[in-house]
Amino acid sequence: MQQSTQTNAARARPTAAGAVRRSSARYKILALLAIGTMINYLDRTVLGIAAPQLTKELGITATVMGVMFSAFSWTYVLTQVPGGLFLDRFGSKLTYYLSMTFWSICTLLQGFVYGIVPLLACRLGLGVAEAPCFPTNSRVVATWFPQSERAMATGTYTVGEYIGLAFFSPMLFALMGAFGWRSLFWVVGIVGIVFGLIWWKFYHEPHNHPGANAEEIAYIEEGGGLAHGAKPDDKPEQVKFSWSMAGQLLKKRQLAGICLGQFAGNSTLVFFLTWFPTYLATERHMGWLKIGFFAIMPFIAASIGVMFGGIFSDWLLRRGKSANVARKLPIIAGLLLASTIILANYVQSNVAVIAIMSVAFFAQGMAALGWTLVSDIAPDGLLGITGGIFNLAANLAGIITPIAVGFIVATTGSFVGALVFIGVIALIGAASYIFIVGDIKRIVL
């Protein structure tokens, strides 16, 4: 560490030509996060693309396929807290590398299954392996970025969720048509394993990064980043964990409020990831080619919404607005606007429906800033467990929302009540940020 610090300091010394420019290593780190998040969402959703061919070859019914879809969320939710504990103990570099490698292996293995049990095992393993991903993202952003840039950074890596699904799905459909459904899992799995090695080679904490000079590290620290918050071996200072500590965290209104708000935002996201194509096919009676064309529009809108929300939040902060205004306003506005999905029940034109859905998904993208607040409120040394609790609550939507929508559709024979359900949940999320969250400040236990 001493040699690295001296090297960074030497780079930052003024020369005869003037002061050394601040380096921009943090943006290279952000690029790693964005690519990793994109691969993350491709791995968890590629089963949906393979499903039509896979179900025929393996003889899987629609009911069993629904269990396969939901299996990921069960283990993903259950291992959020253990994943956060692992992150707090071993640090960002090792945690993300192991997570990426093992979830990619689980994806790769799905291309070799010939029955229900091994496929179920792979889906359960995928959920376990992906659990530490977003808490690690949050820790990296808190480490590498000053508070005034965290919303932008969070929006940048979050947009990877939507870009991957919007722009790579047609490519994956073409791959499946040419080489069969198994090729999807092989290709996506191998890409993830290779990227894990890239992460291991190029990710470093700020004080160990060869491309970060002292000017950039000082800039990060002065803005509230944790540039020197880790040990030289990339392991953070450890705080002894107890379950009573997790209970204390959940009693804090800041964390409880953002957990409820993120659950609400994720409910809209989960609807688009699971039921949206079925809605277009059964409720709007669109053909599959038209669905393929129309379905990409809301995902593009959501990508724009994610970036807009992050940039707008950081702009407010730089303009002197408090963290309460800068962080909460885009999220509240996004959740309120997402509730307009209900309006799709009252229009006949398919173009109008897609426009409403695109606005709602754009708004959900705006509201995807919850991880920025985790960075702002997590107690010192407990960012991993705080992120784990937050992600657990948020991803309960992956279990509850598909089941609730399916029950409503099965009971009523229509998606009208399902869209009302999604809209009402979004309004509850907005109310949580308005009335429960309170001041955005670091929690002290």
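Position 1 is the first residue of the sequence; numbering continues from there. What you see below is based on every heavy atom in this structure, not just the backbone, and it leaves out hydrogens, waters and symmetry mates.
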Phe86 six-ring centre to Arg89 NZ/CZ under 6.0 Å and within 45° of normal:
no
Arg150 NZ/CZ over Phe145 ring centroid, <6.0 Å and within 45° of normal:
no
Mind checking ring pair (Phe, Tyr, Trp, His ring centres under 6.0 Å) for Tyr279 and listing every partner two or more places apart, or none if nothing turns up?
Phe415
Within the side chain of Ser138, is there an N or O that forms a donor-acceptor pair under 3.5 Å with the backbone of Phe134?
no
Side chain to side chain contact (heavy atoms under 4.5 Å, CB included) with Ile342: which residues, sequence neighbours excluded?
Asn345, Tyr346, Val420
Give a yes or no on whether the backbone of Leu124 and the side-chain of Thr75 come within a donor-acceptor separation of less than 3.5 Å.
yes
Those residues at least two apart in sequence (or on a different chain) that pass side chain to side chain contact (heavy atoms under 4.5 Å, CB included) with Leu32 are Ile29, Phe195, Ile198, Trp199, Phe202, Tyr203
Identify, with sequence neighbours excluded, every residue that meets side chain to side chain contact (heavy atoms under 4.5 Å, CB included) alongside Ser267.
Phe263, Ala397, Thr401, Ile425
For a quick test of your reading: what N or O donor-acceptor pairs under 3.5 Å do the side chains of residues 428-445 make, sequence neighbours left out?
from	atom 1	to	atom 2	distance (Å)
Ser432	OG	Gly257	O	2.7
Asp439	OD1	Asn324	ND2	3.0
Arg442	NH1	Ser375	O	3.4
Arg442	NH1	Ala378	O	2.4
Arg442	NH2	Ser375	O	3.2

Are Phe112 and Trp186 an aromatic pair, judged by ring center distance below 6.0 Å?
yes
Should the heavy atoms of other residues, nucleotides or ligands under 6.0 Å from CH2 of Trp74 be counted, would the total exceed 12?
no
Quick one: are Ile39 and Val191 in side-chain contact, heavy atoms under 4.5 Å?
yes
Stepwise side chain to side chain donor-acceptor pair (under 3.5 Å) check, Glu216 with Ser23
CA-CA 6 Å; Glu216 182 176 17; Ser23 59; 2.5 Å; yes
Could you verify whether a donor N or O on one side chain and an acceptor N or O on the other, from Thr37 and Asn137, lie under 3.5 Å apart?
yes
Between Arg26 and Ile220 (side chain of the first, backbone of the second, donor and acceptor by atom type, cut-off under 3.5 Å), is there such a pair?
no
Exactly one candidate in Lys328, Arg327, Lys321, Arg318 meets side chain to side chain donor-acceptor pair (under 3.5 Å) with Ser313; the answer is Arg327
Does Ser358 reach the main-chain N or O of Ala301 with its side chain, forming a donor-acceptor pair under 3.5 Å?
no
For Tyr114, is the NZ or CZ atom of Arg182 found under 6.0 angstrom from the centre of its six-membered ring and inside 45 degrees of the ring axis?
yes
Kindly write out the residues that satisfy ring pair (Phe, Tyr, Trp, His ring centres under 6.0 Å) with Phe272, not counting sequence neighbours, or none if the list is empty.
Phe276, Phe361
